[in-house]
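To start, the structure under review is shown below, and the notes come after it.
Protein chains get the first letters and strands the later ones, always in sequence-line order, with residue 1 at the start of each.
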2 protein chains.
Amino acid sequence: MTTPLNATAASLLGFLHERPMTGWELVETADARIGAFWSLTRSQVYRELAATARRGLIQAGETGPRHRRPYSLTDAGRAAFQRWAETMPAPEQIRYPLLLAISFGSYIPEETLAGFVAAHRREHHERLAAYERALPDVRAHGGPQAVAVLDFGIRYERAVLGWFETLPWELARQSL
Amino acid sequence: MTTPLNATAASLLGFLHERPMTGWELVETADARIGAFWSLTRSQVYRELAATARRGLIQAGETGPRHRRPYSLTDAGRAAFQRWAETMPAPEQIRYPLLLAISFGSYIPEETLAGFVAAHRREHHERLAAYERALPDVRAHGGPQAVAVLDFGIRYERAVLGWFETLPWELARQSL
DNA sequence: TGGTACATGTAACATGTTACATGATTAG
DNA sequence: CTAATCATGTAACATGTTACATGTACCA
């Protein structure tokens with residue numbers, strides 16, 4: 001029995017359904033399309049690509065200019081992806097160090113915490129704005145899946161910003 | 001220059017501000033109080049405890065019944081925690097495999113995806129209910145920090161549930 | 001000709017997961 | 001007396017991060 005794909009490898013195979021891509025392109029694509037909820041680093045991609053090729057799920061094409069090495073999906077890769085697609089996705093994992101800081105807030109100076117909150121709030125504000133700017137284009141050129149996923153991001157950011165609003169002023173004095 | 005604490009070690013030191021605790025108690029406490037946004041496993045806790053003790057940030061007390069080995073914070077540990085508390089928390093990380101499945105939804109059967117969505121929706125529904133049940137008690141006996149953090153969870157779960165509501169039935173099998 | 005973006009990869013390390021191994025105490 | 005819960009730990013492995021090393025092609 002072949003070991004099942006991990007989600008990271010599956011995401012690479014997912015993108016390769018569209019067309020053969022190089023490691024570089026996969027990093028860019030993944031960052032743009034799933035980076036908000038499934039990040040991967042360059043190192044990881046090249047390592048996973050090598051491992052996945054060794055398993056015969058993808059195969060490298062000819063090296064092009066600038067050492068471009070496009071990988072394409074094999075039939076075995078398509079089948080492995082399908083097996084991944086049949087298994088219930090694990091629950092989401094959230095790691096939010098700011099919430100850790102707030103949890104231990106009684107041991108942290110108020111102004112320090114307020115500064116953290118202010119910085120994070122700004123960041124989320126920007127992310128929401130970026131998502132909203134992207135929406136028309138995704139609606140026009142992306143599939144319903146891309147729209148749904150972007151909508152998740154927008155709702156998430158709005159929820160977080162709404163939460164920031166309600167933080168007791170001792171926790172969040174500075175404004176936007 | 002001593003290497004700075006990682007957030008996991010910091011969380012253990014955070015709890016040890018309250019009272020000395022054993023690894024077991026730390027796992028339980030962390031799971032209950034920060035588990036929703038900062039999970040840690042038993043293995044990690046025992047390993048981190050050993051490493052943190054080696055650095056002199058905590059120290060083991062006498063082994064009690066059932067091999068209980070309570071750790072308490074040292075002055076160095078308190079100082080290390082304070083240094084951690086001064087550094088800007090990193091942005092949150094979200095890993096949501098369901099969104100991955102939806103992203104690649106055009107290669108996944110509609111009923112399969114619908115099943116995933118239904119299961120996850122149920123799960124989030126339960127989590128929201130649990131958080132809401134916990135709220136009165138936290139308001140009564142927890143600090144404003146605990147309330148803020150629980151409120152984050154509630155708002156997050158509501159946002160996710162709201163998003164589930166808007167997912168189109170046809171969510172799958174459009175392009176390809 | 002010099003800087004920037006493209007492009008691939010490795011090494012070392014840090015963090016997180018799963019399985020295994022062992023035993024003590026308590027409640028029924 | 002026996003099952004559940006409490007309790008600690010290690011080993012092996014998987015995943016994720018950071019720093020390093022190398023070189024190409026384009027364009028201003």
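Protein atom CZ of B/R95 is 12 Å distant from nucleotide atom P of C/dG16, rounded to whole Å. Atom CZ in A/R66 sits about 13 Å away from atom C1' in C/dT8, given to the nearest Å. The CZ atom of A/R69 sits 19 Å away from the P atom of D/dT22 (whole-angstrom rounding). Rounded to whole Å, atom C1' of D/dT8 lies 13 Å from atom CG of B/L26. Atom C1' of nucleotide D/dA25 and atom NE2 of A/H67 are separated by 11 Å, given to the nearest angstrom.
Between D/dT17, C/dA7, C/dG9, one nucleotide has an atom nearer to the side chain of A/Y71 than all others, and that is C/dG9. Side-chain atoms of B/W24 lie closest to D/dA7 of the nucleotides C/dT8, D/dA7, C/dT25.
Both A/P65 and A/A7 sit near DNA chain D, but only A/A7 has its closest nucleotide nearer the 5' end.
Connection of A/L57 to A/V45 is established within a shared hydrophobic cluster, with ILVMFWY side chains joined at heavy-atom distances below 4.5 Å, either directly or through further cluster members. A/Y46 and A/L40 fall into different hydrophobic clusters, where Ile, Leu, Val, Met, Phe, Trp and Tyr are joined by side-chain heavy atoms under 4.5 Å apart, directly or via other members.
Atom CD of B/E165 has more than 12 heavy atoms from other residues, nucleotides or ligands within 6.0 Å. Heavy-atom neighbours of B/R139 CZ from other residues, nucleotides or ligands within 6.0 Å: at or below the threshold of 12.
In terms of phosphate contacts, A/N6 brings no side-chain nitrogen or oxygen within less than 4.0 Å of OP1 or OP2 of D/dA14. Proximity of B/Q93 to the phosphate of D/dT17: a side-chain N or O atom is located under 4.0 Å from OP1 or OP2. When the side-chain nitrogen and oxygen atoms of A/R68 are compared with OP1 and OP2 of D/dT24, none of them lie within a distance under 4.0 Å.
In this model, no donor atom of one side chain and acceptor atom of the other lie less than 3.5 Å apart for A/W38 and B/S103. A donor atom on one side chain and an acceptor atom on the other are found under 3.5 Å apart for A/Y156 and B/E92.
Remark: B/T41, B/S43, B/Q44, B/R47 in residues 30-47 of chain B come within less than 4.0 Å of DNA chain C through at least one heavy atom.
The aromatic rings of A/H124 and A/F164 are tilted relative to each other, their planes meeting at an angle between 30° and 60°.
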